[in-house]
Amino acid sequence: MTTTESSIPARITSIRRNLRTSPLLQSLALAAWCLVQGSLLEAGEAPASQLDPALAPDEIRQLSKQAFFWGMQQAGFYELRYLFTQQDQAPTFRGLNRLQHGRQLFTAKQRFATTPNASTLYSGGFFDLREGPVLVLSPQVKDGRYWSIQGMDQYARWFFMSGSPFSGNEPQRYLIVGPDWDGIFPAGFSATEIVRAPSNAIVMTLRLAVKDKHSAADLAAAGKIMDGVAILPLELWLRHDRHAPPLERQPIVKASYASFPRMAQIGDLAKSMTPMDYLQLVSLVLNDASMTPRRDSQKELETLRSLERLGLRRGVIFDPARLSDSQRDALEAGFLEAHQQARQAFQAALRDMNGWKLQTSLGYDDNDYVLRAGAAEIAWGSPVPYQSHTIAYGLQDADGQPLDGRHRYTLTFDLDQLPPVTEFWELPVYDDHGYFVDNPIDRYSATSYMQRNGDFVVHDGKLTFYLQSARPNDPEQARNWLPTPSSGRFRLAPRFYGPTSALIDGSYPMPKIVRVAD
């Protein structure tokens with residue numbers, strides 16, 4: 001039976017009135033109602049939204065911008081979760097509440113996440129903590145390589161960090177519990193091993209450095225560590241006598257979160273998502289019972305009240321078919337304007353580091369929605385706070401001109417002034433959308449591991465990289481070649497894993513990118 005929009009508040013009120021019990025049980029009943037609404041959304045039976053007819057075009061445009069700023073991180077989370085847990089024909093599919101190991105380094109062929117690195121193996125999965133706690137297990141790591149396991153919610157708040165920069169290299173275990181979970185813990189867990197997540201919707205990610213991607217032995221050693229990592233439902237671990245069953249014996253459960261017809265076509269968000277796609281994603285986010293909203297933000301409450309006038313609210317779905325041409329035009333104009341403003345805000349917030357733009361936790365404000373949207377636009381899911389690593393963006397050459405694939409550039413480091421890190425550094429190259437550049441030698445970045453292995457030519461204590469689309473004719477330059485696109489803008493985004501002071505406050509003298517005369 002179709003639920004009418006006008007009946008929703010009345011039915012919630014009726015539920016609360018009839019319970020006549022504690023606020024906790026009332027909240028549980030309301031959560032259950034939201035779950036029912038999620039089922040109605042998925043089945044296409046929930047009512048469609050309608051914009052407030054009193055809104056003028058300029059008001060619609062401004063509210064569209066507000067929706068973009070507030071929801072960009074959450075929309076990216078929702079779409080990626082769909083690819084990982086619901087689109088079973090996608091290469092990323094692994095099911096819900098299940099880890100999947102990535103045993104190959106990222107290349108230009110993977111285009112579902114922007115600005116990945118090409119020096120660490122990734123494992124990860126999306127988890128719904130309403131199903132119960134999640135157990136994290138890691139083995140001893142004694143070969144000096146960087147590793148980390150981190151947990152993030154839909155706002156890109158990285159609430160959990162373990163690994164070589166954080167907790168050392170001994171075997172570890174943790175229980176991740178949802179914000180409202182209240183149960184009995186298994187015996188033996190210490191207080192420091194129990195972590196409460198801020199949301200029931202989380203993603204868990206393992207990063208494991210490869211020190212020599214040309215070495216089968218090094219890849220095998222990394223793979224052995226990876227096999228020792230387990231992130232799985234606590235219930236599954238208990239059912240197997242407090243052991244983690246091998247991944248191939250863990251169930252693959254396809255999730256059933258609400259979606260809309262174009263979800264399968266917009267996995268490449270940076271290029272494929274339209275304004276109408278985005279507003280539908282925000283609508284799904286608002287109606288998703290697993291995505292625990294913030295409870296500490298008056299600004300969020302006020303923002304959500306404003307967005308209700310666009311038809312973005314709980315209990316209804318956003319329906320582009322119900323828009324007039326003028327409403328659609330105003331919404332799209334606001335989206336495009338917000339897109340530009342978010343990028344500008346992101347760039348303005350970066351700390352100047354000798355011409356590079358450093359992304360650091362200094363000055364970060366979780367309530368700065370414009371900046372948050374800009375961060376999602378440039379590099380969705382960046383690990384805030386930046387304790388695992390900081391990131392610098394090279395968008396211009398030494399003369400302040402945008403980097404362009406039609407030109408050649410050099411970047412020269414003094415060996416006695418390499419980036420000061422406790423772990424390692426990586427220098428990746430991306431196209432203007434944040435994806436790796438396809439090239440004949442499958443080189444997408446340079447790393448300090450490669451430098452220490454002797455992969456690059458060094459002259460007079462200087463390490464020079466050659467950034468250009470065509471392979472250099474000089475054999476020594478070819479060894480230090482970082483391929484760029486043949487045309488169009490591109491960017492560098494070096495990572496500093498285990499950053500020390502100068503890579504946090506921006507005082508490190510990062511060398512400039514110098515254009516070579518044509």
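Predicted, not measured: the structure shown is a model, and the values here were computed from it. All residue numbers refer to positions in the sequence shown, counting from 1.
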### Task
Might you work through the salt bridge (Lys or Arg N to Asp or Glu O under 4.0 Å) test for Asp397 and Arg515, ending with a clear yes or no?
CA-CA 6 Å; Asp397 63 21; Arg515 179 177 164 181; 5.4 Å; no
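- Residues Lys254 and Asp88 are paired through a salt bridge, judged by an N-O separation under 4.0 Å between the basic side chain and the carboxylate.
- Side-chain N/O atoms of Gln468 and Trp481 include no donor and acceptor closer than 3.5 Å.
- With respect to Asp399 and Lys512, no salt bridge is recorded, no charged nitrogen being found less than 4.0 Å from a carboxylate O.
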### Task
Decide salt bridge (Lys or Arg N to Asp or Glu O under 4.0 Å) for Arg103 and Asp227; before the verdict, give the C-alpha distance in whole Å, the side-chain angles of both, and the deciding distance to 0.1 Å.
CA-CA 10 Å; Arg103 300 187 182 277; Asp227 288 334; 2.4 Å; yes
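- Under 4.0 Å is where a charged nitrogen must lie from a carboxylate oxygen, and between Glu337 and Lys65 at least one such pair does.
- Environment of CG in Asp460: sparse, with no more than 12 heavy atoms of neighbouring residues, nucleotides or ligands closer than 6.0 Å.
- Note that CD1 of Ile231 and CG of Leu135 are 9.5 Å apart. Values are rounded to the nearest 0.5 Å.
- Of the inter-residue distances, the one linking Gln280 atom CD with Glu79 atom CD reads 11.5 Å to the nearest 0.5 angstrom.
- Side chains of Gln265 and Ser272: a donor-acceptor N/O pair is absent below 3.5 angstrom, by distance only.
- Ring orientation note: the planes of Phe68 and Tyr278 are tilted relative to one another, at an angle of 30° to 60°.
- Residues satisfying the ring-ring contact (aromatic ring centres under 6.0 Å, His included) test with Tyr78, not counting sequence neighbours, are none.
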### Task
Evaluate salt bridge (Lys or Arg N to Asp or Glu O under 4.0 Å) for Asp431 paired with Arg491, printing each intermediate quantity in order.
CA-CA 6 Å; Asp431 65 19; Arg491 68 181 80 149; over 6 Å; no
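- Two rings, from Tyr82 and Phe77, have their centers 6.0 Å or more apart.
- Counting heavy atoms from C-beta outward, Ser164 and Asn169 have side chains that approach closer than 4.5 Å.
- Arg479 CZ: more than 12 foreign heavy atoms inside a 6.0 Å radius.
- Annotation: the span from Phe84 atom CZ to Leu96 atom CG amounts to 13.0 Å, rounded to 0.5 Å.
- Although no hydrogens or angles enter the test, the distance criterion places no donor-acceptor pair under 3.5 Å between the side chain of Arg262 and the main chain of Thr274.
- Using cut-offs of 30° and 60° on the angle between ring planes, the pair Tyr444 and Phe436 is tilted.
- The CG atom of Asn117 sits 12.5 Å away from the CG atom of Leu427 when rounded to the nearest 0.5 Å.
- Remark: of the listed residues Gln110, Lys109, Gln104, Gln110 is the sole one forming a side-chain hydrogen bond (donor to acceptor under 3.5 Å, both in side chains) with Thr107.
- Remark: the backbone N or O of Phe318 is paired with a side-chain donor or acceptor of Ser283 at under 3.5 angstrom.
- Less than 6.0 angstrom separates the ring centroid of Tyr122 from the ring centroid of Phe106.
- In this structure, Ser361 OG and Ile504 CD1 are separated by 8.0 Å, a value rounded to the nearest 0.5 Å.
- In Asp352, the CG atom is crowded: over 12 heavy atoms of neighbouring residues, nucleotides or ligands sit closer than 6.0 Å.
- In this structure a side-chain-to-backbone donor-acceptor pair under 3.5 Å is present from Asp128 to Arg130.
- No hydrogens or angles considered: a donor-acceptor pair under 3.5 Å links the side chains of Tyr393 and Gln359.
- With hydrogens and angles ignored, the 3.5 Å screen pairs no side-chain donor or acceptor of Thr464 with any backbone N or O of Leu411.
- Within a 6.0 Å radius of CZ in Arg489, no more than 12 heavy atoms belonging to other residues, nucleotides or ligands are found.
- Side-chain contact, Ser119 with Glu426: a donor N or O sits under 3.5 Å from an acceptor N or O.
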### Message
Quick one, Asp288 with Arg81, criterion salt bridge (Lys or Arg N to Asp or Glu O under 4.0 Å). Give me CA distance, side-chain angles, the key distance, then yes/no.
### Response
CA-CA 12 Å; Asp288 188 278; Arg81 185 178 64 178; 2.8 Å; yes
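- The line from CD1 of Ile149 to CG of Leu206 is 5.5 Å long, rounded to the nearest 0.5 Å.
- Looking only at side-chain heavy atoms (C-beta outward), Leu279 and Leu312 come within less than 4.5 Å of each other.
- Side chains of Trp158 and Asp153: no donor on one and acceptor on the other come within 3.5 Å.
- At a cut-off of 3.5 Å, with distance as the only test, no side-chain donor of Ser138 or Gln172 sits close to an acceptor on the other residue.
- The aromatic rings of His433 and Tyr435 lie tilted to each other, with the angle between the two planes from 30° to 60°.
- Side-chain contact check for Ser486 and Ser469: no donor-acceptor pair (N or O, by modelled atom type) lies under 3.5 Å.
- The shortest distance between side-chain heavy atoms of Leu232 and Asn97 does not fall below 4.5 Å.
- For the residue pair Arg294 and Asn367, a side-chain donor N or O sits within less than 3.5 Å of a side-chain acceptor on the partner.
- Residues Asp329 and Arg61 are not paired through a salt bridge, judged by the lack of any N-O separation under 4.0 Å between the basic side chain and the carboxylate.
- With Arg94 contributing its side chain and Gly124 its backbone, the two residues share a donor-acceptor pair below 3.5 Å.
- Contact check on Arg351 versus Asp505 returns no salt bridge, with no Lys/Arg side-chain nitrogen under 4.0 Å from an Asp/Glu carboxylate oxygen.
- Listed by first and then second residue, the ring-ring contact (aromatic ring centres under 6.0 Å, His included) pairs that reach into residues 497-518 are Tyr146-Tyr497, His389-Tyr497, Phe424-Tyr497, sequence neighbours excluded.
- Every residue was checked against the side-chain hydrogen bond (donor to acceptor under 3.5 Å, both in side chains) condition with Thr410, not counting sequence neighbours, and none meets it.
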